[in-house]
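Convention: sequence-line order gives letters A, B, ...; per-chain numbering from 1.
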Number of protein chains: 2
Amino acid sequence: MQLISIIGAHQTMRFAEIEAHLSDASTSTISKRLDEFEEADLVTRTQYDEIPPRVEYALTKEGNEVQERLESLLEWATTRS
Amino acid sequence: MQLISIIGAHQTMRFAEIEAHLSDASTSTISKRLDEFEEADLVTRTQYDEIPPRVEYALTKEGNEVQERLESLLEWATTRS
DNA sequence: CGGTATCCAAAGTGATACTG
DNA sequence: CAGTATCACTTTGGATACCG
């Protein structure tokens with residue numbers, strides 16, 4: 001949920017950037033979730049074959065719908081004492 | 001999530017009633033979740049000392065807030081092919 | 001840089017049996 | 001009726017190490 005929310009807030013993000021914003025999840029967990037979300041068509045993965053490698057993640061149209069519906073819930077969750 | 005949603009849709013519900021509407025969760029799971037939600041002040045538990053015993057569950061004000069914020073998400077999830 | 005592979009510990013779930 | 005207790009099993013997540 002936070003993953004979707006964070007990507008949605010930034011339009012496009014690189015892996016390391018996501019990691020920095022999601023310090024309570026490990027690398028492998030983020031990686032696995034990204035795979036799942038890509039599989040579920042919520043997130044797109046764009047790989048640039050450069051050196052150093054660069055990969056960008058962004059929400060799909062579906063992903064944005066989920067993100068919108070998620071916002072109010074996350075807002076409630078985070079403002080709860 | 002479904003638990004909150006279902007209780008919210010019925011105002012007040014008895015345990016067996018909840019079980020009937022949530023056939024994919026076992027008795028013990030429903031019981032544990034209800035305890036947690038009560039602990040988190042999302043659900044109230046009202047026990048009537050009669051024979052046969054009767055216990056009613058309802059959402060608190062907080063619970064209703066969550067339920068509202070949950071609806072659009074659940075709606076999206078269930079209408080997804 | 002952007003991951004994957006491996007292993008392990010912890011949490012979640014269900015089936016079954018039993019209780020006030 | 002409304003649960004709890006126990007146990008086996010599955011799922012999830014993190015730590016660590018390594019790779020193209």
Looking only at side-chain atoms of [X], point me to the closest of [options].
X: Ser31(A); options: dG20(D), dG14(C), dT4(C); answer: dT4(C)
X: Asp35(A); options: dT4(C), dA15(D), dC1(C); answer: dT4(C)
X: Thr27(B); options: dG3(C), dT4(D), dG14(D); answer: dT4(D)
X: Pro53(A); options: dC1(C), dA15(D), dG3(D); answer: dC1(C)

Rounded interatomic separation in angstrom, taking [atom1] from [X] and [atom2] from [N]:
X: Gln47(A); N: dC1(C); atom1: CD; atom2: C1'; answer: 11 Å
X: Leu34(A); N: dT12(D); atom1: CG; atom2: C1'; answer: 16 Å
X: Ile30(A); N: dT16(D); atom1: CD1; atom2: P; answer: 16 Å
X: Leu22(B); N: dG14(C); atom1: CG; atom2: P; answer: 9 Å
X: Leu3(A); N: dG3(C); atom1: CG; atom2: P; answer: 12 Å
X: Arg45(A); N: dG2(C); atom1: CZ; atom2: P; answer: 10 Å
X: Lys32(A); N: dT4(C); atom1: NZ; atom2: C1'; answer: 10 Å
X: Glu50(B); N: dC1(D); atom1: CD; atom2: C1'; answer: 11 Å

As an exercise, state the distance from CG of Leu59(A) to CD of Glu68(A), rounded to the nearest 0.5 Å.
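Output value for this atom pair is 10.0 Å.
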
Determine the contact category for Tyr48(A): base if any of its heavy atoms lies under 4.0 Å from a base atom, sugar-phosphate if only primed atoms, P, OP1 or OP2 are that close, otherwise nothing.
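Touches nothing.
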
With a non-hydrogen cut-off below 4.0 angstrom, is Asp49(A) in contact with a base, only sugar-phosphate, or nothing?
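Nothing, no nucleic acid heavy atom in range.
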
So, does [X] get its side chain near the phosphate of [N], meaning an N or O under 4.0 Å from OP1 or OP2?
X: Arg14(B); N: dG3(D); answer: no
X: Thr29(B); N: dG14(C); answer: yes
X: Arg33(B); N: dT13(C); answer: yes

Evaluate the salt bridge (Lys or Arg N to Asp or Glu O under 4.0 Å) criterion for residues Glu56(B) and Arg45(B): first the C-alpha distance (whole Å), next the side-chain angles of each, then the deciding distance (0.1 Å), finally the verdict.
CA-CA 6 Å; Glu56(B) 292 190 340; Arg45(B) 192 190 116 107; over 6 Å; no

Counting only N and O atoms by type, is there a donor-acceptor contact under 3.5 Å from the side chain of Thr60(B) to the main-chain atoms of Leu42(B)?
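Present.
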
Carboxylate-amine/guanidinium contact Arg69(A) Glu65(A), below 4.0 Å:
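Answer for the salt bridge query: yes.
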
Please determine whether a side-chain nitrogen of the Lys or Arg among Glu36(B) and Arg33(B) lies less than 4.0 Å from a carboxylate oxygen of the Asp or Glu.
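The answer is yes: the pair qualifies as a salt bridge.
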
For DNA chain C, whose closest nucleotide is more 5', that of Arg54(A) or that of Ser28(A)?
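The 5'-side residue here is Arg54(A).
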
